[in-house]
Amino acid sequence: MAETLIRFGIVGCAEIARKISRAITLAPNAALHAIGSRSLDKAVKFAAANGFPSARIYGSYDAVLDDPDVDAVYVPLPTSLHVTWAVLAAEKKKHVLLEKPVALNVSEFDRIVEACESNGVQLMDGTMWMHHPRTVKMTEFLSDAKLFGQLKSV
């Protein structure tokens, strides 16, 4: 059975968005569908510099969220803006991928989680640590009881 293609919109053109946008295009079940910035010029330059000629380009974050063909949004904005844009995305039924840290405090995190849960969308964070091959190697190394004792968690 074929996987469903997830069409991503990027809200902001931060440097980290370059890396994630490339990862999106390499994933067999994802496509970079839209790029939005506070200025159309910046979004156009981001798309050109990263080889995304077919992505829809928007001069606002709202326009990405309003695009009916965007399934999920990646938010590489400063952490202080996460709660605003994650909640808006969830309310528009977009799955949310937030750069880390997800929120400034537990209260903001709870608001984001509530918005995603109540709108039936997935919340993901950009933490790669648990998925990185280095983590397995470090766990093995630290599990050597002769060197460190009993490893309880990583």
Side-chain angles (χ1 to χ4, degrees), residues 1-138 153-154:
M1 180 189 328
E3 290 188 68
T4 301
L5 183 69
I6 305 299
R7 297 164 298 184
F8 275 87
I10 296 178
V11 178
C13 297
E15 185 62 32
I16 189 68
R18 294 179 189 282
K19 294 177 183 178
I20 299 299
S21 64
R22 289 185 187 121
I24 289 168
T25 62
L26 291 172
N29 63 336
L32 182 58
H33 182 75
I35 299 166
S37 182
R38 289 175 294 169
S39 79
L40 184 59
D41 183 56
K42 187 171 181 179
V44 167
K45 287 178 180 173
F46 180 89
N50 292 284
F52 304 127
S54 62
R56 293 181 184 167
I57 310 299
Y58 296 112
S60 75
Y61 304 149
D62 286 308
V64 173
L65 300 184
D66 290 337
D67 186 324
D69 295 324
V70 169
D71 303 307
V73 293
Y74 168 56
V75 183
L77 300 173
T79 308
S80 60
L81 298 175
H82 284 187
V83 68
T84 298
W85 291 102
V87 169
L88 286 170
E91 289 171 347
K92 295 191 180 217
K93 309 298 184 198
K94 312 293 184 193
H95 301 286
V96 179
L97 171 59
L98 288 172
E99 195 49 60
K100 74 240 173 257
V102 171
L104 292 175
N105 55 54
V106 172
S107 175
E108 285 189 3
F109 179 72
D110 288 344
R111 287 179 56 205
I112 293 167
V113 169
E114 169 57 30
C116 289
E117 286 179 350
S118 66
N119 286 286
V121 297
Q122 182 73 42
L123 170 63
M124 302 160 282
D125 73 28
T127 303
M128 65 77 170
W129 173 253
M130 64 194 335
H131 307 290
H132 199 284
R134 232 181 307 173
T135 304
V136 173
K137 293 288 185 194
M138 286 184 66
S153 69
V154 174

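Numbers here simply count residues along the sequence, with the first being 1. Computation of the quantities below employed the complete heavy-atom set of this structure, encompassing side-chain atoms and omitting hydrogens, waters and symmetry-equivalent molecules.
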Considering residues at least two apart in sequence or located in another chain, which fulfil the side chain to side chain contact (heavy atoms under 4.5 Å, CB included) criterion with [X]?
X	result
V102	L98, F109, I112, D125
R18	E15, R22, F46, A49, N50
K42	C13, S37, S39
A55	I35, F52, I57

Which side-chain N or O atoms in residues 87-95 pair as donor and acceptor under 3.5 Å with protein atoms at least two apart or in another chain?
{"from": "K92", "atom 1": "NZ", "to": "D66", "atom 2": "OD1", "distance (Å)": "2.3"}
{"from": "K93", "atom 1": "NZ", "to": "N119", "atom 2": "OD1", "distance (Å)": "2.8"}
{"from": "K94", "atom 1": "NZ", "to": "D67", "atom 2": "O", "distance (Å)": "2.7"}
{"from": "K94", "atom 1": "NZ", "to": "V70", "atom 2": "O", "distance (Å)": "2.8"}
{"from": "H95", "atom 1": "ND1", "to": "Q122", "atom 2": "N", "distance (Å)": "2.8"}

* Which residue pairs pass the salt bridge (Lys or Arg N to Asp or Glu O under 4.0 Å) test with at least one member in residues 109-124, sequence neighbours excluded? -> none
* What pairs meet the salt bridge (Lys or Arg N to Asp or Glu O under 4.0 Å) rule with one or both residues in residues 29-39, with sequence neighbours excluded? -> none
* For K45, side chain to side chain donor-acceptor pair (under 3.5 Å) partners two or more places apart -> D41
* With N105 via side chain to side chain donor-acceptor pair (under 3.5 Å) - residues at least two apart -> none
* Asked: Which pairs pass side chain to side chain donor-acceptor pair (under 3.5 Å) with one or both residues in residues 68-90, sequence neighbours excluded?
  -> R7-D71, R56-D69, Y74-E99
* Just jot down the ring pair (Phe, Tyr, Trp, His ring centres under 6.0 Å) partners of F8, sequence neighbours excluded, or say none. => none
* Asked: Which residues satisfy the salt bridge (charged side-chain N to carboxylate O under 4.0 Å, His left out) test with D62, sequence neighbours excluded?
  -> none
